[in-house]
Amino acid sequence: MKFGIGKGDLNGLLASMGTDEEKLHSGLIAFTSTDLELTGWSLDPAHSVKGVLVPTKDGGMKSPSQKITIDYSDSNTVTVYILAMKP
(Lines give C-alpha, C1' and ligand atoms only; values in the text may rest on other atoms or scores of the structure.)
Protein backbone atom coordinates (compact mmCIF):
# COMPACT_ATOMS: atom_id res chain seq x y z
CA MET A 1 0.00 0.00 0.00
CA LYS A 2 1.22 3.50 -0.83
CA PHE A 3 -0.43 6.74 0.24
CA GLY A 4 0.23 10.32 1.27
CA ILE A 5 -0.47 11.67 4.74
CA GLY A 6 0.02 14.99 6.49
CA LYS A 7 3.15 15.15 8.62
CA GLY A 8 1.00 15.91 11.67
CA ASP A 9 -0.89 12.63 11.24
CA LEU A 10 2.18 10.41 10.84
CA ASN A 11 2.78 9.69 14.54
CA GLY A 12 -0.81 8.52 15.03
CA LEU A 13 -0.53 6.20 12.04
CA LEU A 14 2.78 4.75 13.20
CA ALA A 15 1.46 4.27 16.75
CA SER A 16 -1.49 2.31 15.38
CA MET A 17 1.05 0.04 13.68
CA GLY A 18 3.09 -0.52 16.83
CA THR A 19 6.00 1.83 16.14
CA ASP A 20 6.95 5.51 16.15
CA GLU A 21 9.14 7.94 14.21
CA GLU A 22 12.05 7.49 16.62
CA LYS A 23 12.32 3.83 15.56
CA LEU A 24 12.64 4.68 11.85
CA HIS A 25 16.17 4.46 10.43
CA SER A 26 17.37 7.24 8.10
CA GLY A 27 18.30 6.16 4.58
CA LEU A 28 16.71 2.74 5.07
CA ILE A 29 14.30 1.38 2.51
CA ALA A 30 12.64 -1.51 4.33
CA PHE A 31 11.94 -3.45 1.14
CA THR A 32 14.00 -5.95 -0.80
CA SER A 33 14.64 -5.50 -4.50
CA THR A 34 12.05 -8.26 -5.08
CA ASP A 35 9.47 -6.30 -3.03
CA LEU A 36 10.13 -3.20 -5.14
CA GLU A 37 9.93 -5.15 -8.38
CA LEU A 38 6.60 -6.74 -7.41
CA THR A 39 5.04 -3.44 -6.30
CA GLY A 40 6.51 -1.28 -9.05
CA TRP A 41 7.68 1.26 -6.46
CA SER A 42 10.81 3.26 -7.16
CA LEU A 43 12.52 4.46 -4.00
CA ASP A 44 15.95 6.00 -3.68
CA PRO A 45 17.85 5.91 -0.36
CA ALA A 46 19.50 9.19 -1.42
CA HIS A 47 16.11 10.90 -0.90
CA SER A 48 14.81 11.73 2.56
CA VAL A 49 13.58 8.24 3.45
CA LYS A 50 13.34 6.37 6.73
CA GLY A 51 12.29 2.77 7.24
CA VAL A 52 11.59 0.07 9.79
CA LEU A 53 10.41 -3.53 10.02
CA VAL A 54 7.67 -3.98 12.62
CA PRO A 55 7.69 -7.65 13.63
CA THR A 56 4.61 -9.78 14.14
CA LYS A 57 2.92 -8.96 17.45
CA ASP A 58 3.75 -11.52 20.13
CA GLY A 59 4.99 -13.94 17.46
CA GLY A 60 1.37 -14.63 16.55
CA MET A 61 0.39 -16.09 13.23
CA LYS A 62 -2.70 -13.87 12.93
CA SER A 63 -0.98 -10.49 12.77
CA PRO A 64 1.45 -9.77 9.93
CA SER A 65 4.89 -8.23 10.09
CA GLN A 66 5.02 -4.84 8.39
CA LYS A 67 7.77 -3.27 6.31
CA ILE A 68 7.39 0.51 6.42
CA THR A 69 9.24 3.20 4.49
CA ILE A 70 8.42 6.90 4.72
CA ASP A 71 9.48 9.37 2.02
CA TYR A 72 9.90 12.86 3.53
CA SER A 73 10.94 14.63 0.30
CA ASP A 74 7.66 16.62 0.00
CA SER A 75 7.48 19.59 2.39
CA ASN A 76 3.72 19.26 3.08
CA THR A 77 3.01 15.55 3.14
CA VAL A 78 4.93 12.33 3.51
CA THR A 79 4.48 9.29 1.32
CA VAL A 80 4.00 6.08 3.28
CA TYR A 81 4.87 2.69 1.78
CA ILE A 82 3.73 -0.40 3.66
CA LEU A 83 4.03 -4.10 2.93
CA ALA A 84 2.44 -6.53 5.37
CA MET A 85 3.40 -10.18 5.35
CA LYS A 86 2.39 -13.22 7.33
CA PRO A 87 5.23 -15.09 9.04
If hydrophobic clusters are built from ILVMFWY residues whose side chains come within less than 4.5 Å, do Tyr81 and Leu36 share one?
yes
Would you give the length of the straight line joining atom NZ of Lys7 to atom CG of Asp74, rounded to the nearest 0.5 angstrom?
7.0 Å
For Lys67, give me all partners under side chain to side chain donor-acceptor pair (under 3.5 Å), at least two apart in sequence or on another chain.
Asp35
Besides Leu28, the hydrophobic cluster formed by Ile, Leu, Val, Met, Phe, Trp and Tyr side chains linked at under 4.5 Å, directly or via other members, contains none
Please name the pair of heavy atoms, one in Asn11 and one in Glu21, separated by the smallest distance, quoted to 0.1 Å.
OD1-OE1, 3.3 Å
Would you give the length of the straight line joining atom CE of Met17 to atom NZ of Lys23, rounded to the nearest 0.5 angstrom?
12.5 Å
Do the side chains of Leu43 and Leu38 join up, straight or via other hydrophobic residues, at under 4.5 Å, putting them in one cluster?
no
Of all the heavy-atom pairs spanning Leu53 and Ser65, show the shortest one and how long it is.
CD1-CB, 4.4 Å
Straight-line distance of Leu13 CG to Ile5 CD1, nearest 0.5 Å
4.5 Å
Go through it in stages, so that I can follow the logic: the residues are Trp41 and Thr79, the test is side-chain contact (heavy atoms from CB on, under 4.5 Å), and I'd like the CA-CA distance, side-chain angles, deciding distance and then a yes or no.
CA-CA 12 Å; Trp41 297 336; Thr79 303; over 6 Å; no
Before you tell me yes or no, could you show the steps for Val80 and Leu14 under side-chain contact (heavy atoms from CB on, under 4.5 Å), namely the whole-Å CA-CA distance, both residues' side-chain angles and the distance that decides it to 0.1 Å?
CA-CA 10 Å; Val80 179; Leu14 292 173; over 6 Å; no
Do you know the tightest heavy-atom contact between Gly27 and Pro45?
O-CB, 3.5 Å
Measuring from atom CG of Leu24 to atom CD1 of Ile70, what distance do you get when rounded to the nearest 0.5 angstrom?
6.0 Å
Where do Ala30 and Ile68 come nearest, in terms of heavy atoms and distance?
CB-O, 3.5 Å
Looking only at non-hydrogen atoms, find the nearest pair between Phe31 and Ile82 and report the distance.
CZ-N, 4.2 Å
Looking only at atom types and distance, does a side-chain atom of Thr69 sit under 3.5 Å from a main-chain N or O of Gly51, one as donor and one as acceptor?
no
Check whether Val54 and Met1 end up in the same hydrophobic cluster, where Ile, Leu, Val, Met, Phe, Trp and Tyr are linked by side-chain heavy atoms less than 4.5 Å apart.
yes
